[in-house]
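What you see is a predicted model; the values in this text were computed from it and never measured.
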Amino acid sequence: MDHFNTEQVLMYLTVFILACFAGVVDFVNKLTKLKEKPPMKTVLFNLFAKLLMSAFAGLLTFWILQERAEDGIVLLNGYSAVAISLSGYAGNQTVNIFSSIWQAIIERGKTK
């Protein structure tokens, strides 16, 4: 029977926190650029969405690092931490870019 692996839980929790940190940075950056304050419900939803996207991108990066590591063990050192955090941020930026493109397509369709 399998037993509870505390080390693995802590490792995934660390990966989650590293990736979410990038989402928080992106969220705060966008929030400070707003001219008018949105409703709290919108703010919390946007924060949750940023955290979810960052966590997903960071987890994918961790799995890629795990696949390339010796014996499947990823050392959470500075390099892997930076890679996980940057991928979380890049994941958010990619979604922002695609969202902007989609919005431009919709607006262009309305003007015709």
Side-chain angles (χ1 to χ4, degrees):
M1 182 182 257
D2 291 329
H3 64 300
F4 188 74
N5 191 342
T6 308
E7 288 177 12
Q8 211 169 23
V9 170
L10 287 175
M11 183 172 49
Y12 275 97
L13 184 62
T14 304
V15 167
F16 178 78
I17 290 169
L18 283 170
C20 285
F21 180 72
V24 170
V25 169
D26 188 43
F27 172 77
V28 170
N29 188 25
K30 294 257 188 283
L31 192 61
T32 56
K33 289 181 180 179
L34 293 176
K35 293 181 181 168
E36 59 184 59
K37 187 177 176 185
M40 185 56 75
K41 189 187 261 186
T42 304
V43 170
L44 292 176
F45 177 78
N46 287 338
L47 176 61
F48 178 74
K50 295 282 184 194
L51 292 176
L52 190 65
M53 287 184 289
S54 293
F56 179 70
L59 187 59
L60 287 178
T61 302
F62 175 73
W63 285 337
I64 290 169
L65 290 172
Q66 200 171 32
E67 186 66 31
R68 302 288 299 158
E70 280 186 33
D71 301 324
I73 298 171
V74 176
L75 296 176
L76 288 177
N77 57 19
Y79 296 116
S80 59
V82 167
I84 291 166
S85 190
L86 281 177
S87 69
Y89 185 76
N92 273 321
Q93 296 299 26
T94 303
V95 170
N96 291 338
I97 289 168
F98 284 129
S99 175
S100 297
I101 292 170
W102 185 250
Q103 228 173 357
I105 290 170
I106 290 173
E107 291 299 318
R108 191 175 198 193
K110 287 181 181 179
T111 58
K112 287 186 176 183

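Under the 4.5 Å side-chain heavy-atom criterion for ILVMFWY residues, a single connected hydrophobic cluster contains both Phe27 and Leu51. Leu31 and Met40 fall within the same hydrophobic cluster, defined by Ile, Leu, Val, Met, Phe, Trp and Tyr side-chain heavy atoms under 4.5 Å apart, directly or through other members. In the hydrophobic cluster analysis, where Ile, Leu, Val, Met, Phe, Trp and Tyr join through side-chain heavy atoms closer than 4.5 angstrom, Met53 is grouped apart from Ile97. Phe21 and Phe16 fall into different hydrophobic clusters, where Ile, Leu, Val, Met, Phe, Trp and Tyr side chains are chained together by heavy-atom contacts under 4.5 Å. By the rule that hydrophobic residues join a cluster once side-chain heavy atoms approach within less than 4.5 Å of another member, Leu18 and Met11 end up as members of one cluster.
Other residues, nucleotides and ligands contribute more than 12 heavy atoms inside 6.0 Å of the OH atom of Tyr12.
Closest non-hydrogen pair, Gly58 versus Val15, comes out as O-CG1, 4.1 Å. The two residues Ala19 and Ala55 make their nearest non-hydrogen contact at CB-CA, 3.9 Å. The nearest pair of heavy atoms linking Cys20 to Ser54 is CA-CB, 4.2 Å. Across all their heavy atoms, Ala57 and Ser87 have their closest contact at CB-O, 3.2 Å. When every heavy atom of Ala22 is checked against every heavy atom of Gly88, the shortest pair comes out as CB-C, 3.8 Å.
Summarising the geometry, atom CD1 belonging to Ile17 is positioned 4.0 Å from atom CG belonging to Leu13; distances are rounded to the nearest 0.5 Å. Rounded to the nearest 0.5 Å, atoms CH2 (Trp102) and CD (Glu107) are 12.5 Å apart. In this structure, Phe98 CZ and Thr94 OG1 are separated by 6.5 Å, a value rounded to the nearest 0.5 Å. Of the inter-residue distances, the one linking Gln66 atom CD with Leu59 atom CG reads 9.0 Å to the nearest 0.5 angstrom.
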Q | Verdict with supporting geometry, Asp26 and Gln93, side chain to side chain contact (heavy atoms under 4.5 Å, CB included) | A | CA-CA 8 Å; Asp26 188 43; Gln93 296 299 26; 3.8 Å; yes
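Remark: the backbone N or O of Asn29 is paired with a side-chain donor or acceptor of Thr32 at under 3.5 angstrom. Side chain of Thr61 to main chain of Ile84: no donor-acceptor pair is present (N/O by atom type, distance under 3.5 Å, no hydrogens or angles).
Phe45 is linked by a ring-ring contact (aromatic ring centres under 6.0 Å, His included) to nothing, counting only residues two or more places apart in sequence or in another chain.
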